Amino acid sequence: MVEILVAAFLILMLMGVPIAFALAMAAFAAVGLSGRYPLVVVVKEMFTGLDSFPLLAVPFFILAAEIMSTGAISRMLLRFASQFVGHLRGGLGYANVLTGTLFAGISGSALASAAGPGAMMARMMERSGYSKAYAGALTISVAVIDPIIPPSITMIIYALQDRNTSVGSLFMAGILPGILIAGLLAAVNWWISRKRNYRSLEPRPPVGQMLRNSFAALPALLLIVLIVGGIRGGLFTPTEASVVAVFYAVLTSAFVYRGFTLADLWGAFLRSAIMSVAVLMILAAARAFAWVLIIEGVPQAMADAVIAMNLSPIAFLLMVNLLLLVFGMFMDPLPGVMILVPILAPIAHNLGIAADHFAIIVIVNLTFGLMTPPVGGLIFVVASATKQKPSALIRELPPFFLAALASLLILTFVPAVSTWLPQVSGFAR
């Protein structure tokens with residue numbers, strides 16, 4: 001069954017079949033051709049994969065992100081970030097990094113971040129004299145921060161696969177790694193801006209204007225405090241927090257920043273419905289795919305093989321990094337989490353690796369796959385939004401790949417970056 005499953009999946013992927021259909025059809029092929037189980041088992045497992053209350057957070061966080069990127073919140077965050085760094089050499093590049101990092105704290109989707117404030121920032125950079133391809137590549141790299149800084153849809157799915165951690169703990173664990181990645185991207189922007197002489201065209205605004213911009217952005221910035229603080233204080237669960245985020249986004253966009261109409265709300269509903277269906281189809285199909293692997297004993301066989309190798313925790317993490325970087329080149333983060341975490345997390349736990357530390361390594365690795373060809377979803381989203389060829393963006397990405405690898409090495413060798421905040425905030429188990 002495993003040979004049929006893998007062969008069918010690879011053939012379907014090479015044919016260009018969407019990931020959700022490739023996963024589901026491979027599971028049907030494996031079960032059907034083996035003749036050991038009725039095909040209805042695959043359908044049953046797909047429904048089981050969605051039969052979870054915490055999964056309700058996924059469509060609500062997607063909707064919240066769509067509302068925020070549609071309304072004035074994105075523009076407020078952009079103005080807030082630009083006033084601090086926009087006047088520096090490479091200032092709009094720094095503003096792109098800072099805006100994306102701030103938006104990550106009120107969103108949960110990398111694609112929404114890239115298509116919304118990211119595309120807006122890329123167009124501003126182009127008009128200010130930056131290379132169009134460089135602006136797009138920076139936007140792609142910044143968008144990968146979105147699933148790492150809370151709230152994060154990927155973290156919600158991960159917590160469902162590994163009972164040694166929780167959504168709240170992962171939300172806290174992602175903050176410092178997200179800031180680390182943002183800092184390394186800013187360093188790349190500093191180097192390239194000096195090399196290409198990307199200069200700012202705007203002076204720093206007066207102090208009074210900066211204070212007004214900061215005050216105007218405050219309601220948007222409070223959302224991450226509301227979500228993380230509410231979960232930590234026991235006011236609501238992560239699922240309930242996603243609903244609170246939607247209502248807060250609507251009220252803020254409509255009554256604080258204004259200009260958000262019923263037509264905008266309807267458009268956000270439509271886009272989030274389409275994206276939610278796509279995400280949930282992937283999760284359902286990944287559950288059926290993973291079931292075939294589990295029923296055939298693949299996780300236990302891999303665990304036995306790794307244990308027999310007698311690897312140290314660091315050697316195991318380096319091996320996982322290499323595996324996930326290659327895996328992420330061909331598969332999106334959500335099915336990657338569904339398929340790989342039940343296999344790898346127990347091994348990491350047996351080796352004494354902290355659950356939050358391992359979770360962040362897995363999530364960051366798979367998220368970087370969004371910016372790596374041939375499947376990297378962010379490349380095609382940004383190429384479409386900025387009207388340029390994916391190949392032009394790919395040529396500008398190598399310095400950002402190096403920054404990504406540097407962040408992975410730091411996260412691997414310095415566990416405290418991932419574990420310190422969950423411990424001091426009381427989330428760690």
Side-chain angles (χ1 to χ4, degrees), residues 1-50 110-111 154 157 161 274-303 305-306 319-344 362 365-381 383-384 389-391 393-394 397 401:
M1 286 178 66
V2 174
E3 289 83 352
I4 296 172
L5 181 80
V6 174
F9 176 70
L10 292 177
I11 292 170
L12 290 167
M13 287 290 290
L14 290 172
M15 292 171 59
V17 176
I19 184 71
F21 294 101
L23 289 167
M25 292 167 68
F28 274 113
V31 173
L33 293 177
S34 71
R36 291 166 50 189
Y37 305 95
L39 285 175
V40 71
V41 171
V42 179
V43 179
K44 179 251 182 190
E45 287 300 323
M46 292 177 70
F47 275 97
T48 301
L50 300 180
L111 298 181
T154 308
I157 305 305
Q161 308 305 312
I274 293 170
M275 189 178 296
S276 297
V277 168
V279 169
L280 294 176
M281 284 183 66
I282 290 173
L283 294 179
R287 168 63 185 239
F289 190 97
W291 176 83
V292 176
L293 295 176
I294 293 169
I295 205 69
E296 288 296 293
V298 172
Q300 188 58 49
M302 289 188 65
V306 172
M319 184 183 72
V320 166
N321 278 327
L322 182 60
L323 169 68
L324 295 181
L325 283 173
V326 175
F327 192 88
M329 294 173 65
F330 302 97
M331 186 170 289
D332 290 339
L334 294 182
V337 167
M338 293 280 289
I339 294 168
L340 293 177
V341 170
I343 297 173
L344 298 176
V362 171
N365 265 291
L366 293 175
T367 300
F368 283 152
L370 291 171
M371 61 183 285
T372 55
V375 178
L378 285 172
I379 296 173
F380 298 99
V381 168
S384 175
K389 294 180 179 179
S391 58
L393 296 172
I394 292 171
L397 281 172
F401 291 148

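Worth saying up front: this structure is predicted, and the values here are computed from it rather than measured.
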(request) For residues Trp291 and Val31, report the shortest heavy-atom separation together with the two atoms involved. (result) CZ3-CG2, 4.0 Å

(request) Can you see which heavy atom on Ala285 is nearest to which on Leu23, and at what distance? (result) CB-CB, 3.7 Å

(message) Give me the atom names and distance for the closest heavy-atom approach of Phe28 to Leu39.
(response) O-CD2, 3.6 Å

(request) Please report the closest heavy-atom contact between Ile379 and Pro390, naming both atoms and the distance. (result) CG2-CB, 3.9 Å

Under 3.5 Å, sequence neighbours excluded: what are the donor-acceptor pairs made by side chains of residues 321-340?
| unit_1 | atom_1 | unit_2 | atom_2 | d |
| --- | --- | --- | --- | --- |
| Asn321 | OD1 | Asn365 | ND2 | 2.6 |
| Asn321 | ND2 | Leu317 | O | 3.3 |
| Asn321 | ND2 | Thr412 | OG1 | 2.8 |

(request) Nearest 0.5 Å please: distance from the CE atom of Met319 over to the CG atom of Leu344. (result) 7.5 Å

(request) Kindly give the heavy-atom pair with the smallest separation between Phe21 and Val17, and that separation in Å. (result) CB-CG1, 3.7 Å

(message) How long is the straight-line distance from OH of Tyr37 back to NZ of Lys44, given to the nearest 0.5 Å?
(response) 12.0 Å

(message) Can you give me the closest heavy-atom contact between Ile394 and Pro373, atom names plus distance?
(response) CD1-CB, 4.0 Å

(request) Would you give the length of the straight line joining atom CG of Leu378 to atom CG of Leu397, rounded to the nearest 0.5 angstrom? (result) 10.0 Å

(message) Restricting to side chain to side chain donor-acceptor pair (under 3.5 Å), what partner residues turn up for Glu296, sequence neighbours left out?
(response) Arg36

(message) Using a 3.5 Å distance criterion without hydrogens, assess whether the side chain of Ser34 forms a donor-acceptor pair with backbone atoms of Ala30.
(response) yes

(message) One pair to check against side-chain contact (heavy atoms from CB on, under 4.5 Å): Val341 and Val362. What are the steps and the verdict?
(response) CA-CA 8 Å; Val341 170; Val362 171; 4.2 Å; yes

(request) Walk me through it: do Met13 and Ile19 pass the test side-chain contact (heavy atoms from CB on, under 4.5 Å)? (result) CA-CA 7 Å; Met13 287 290 290; Ile19 184 71; 3.8 Å; yes

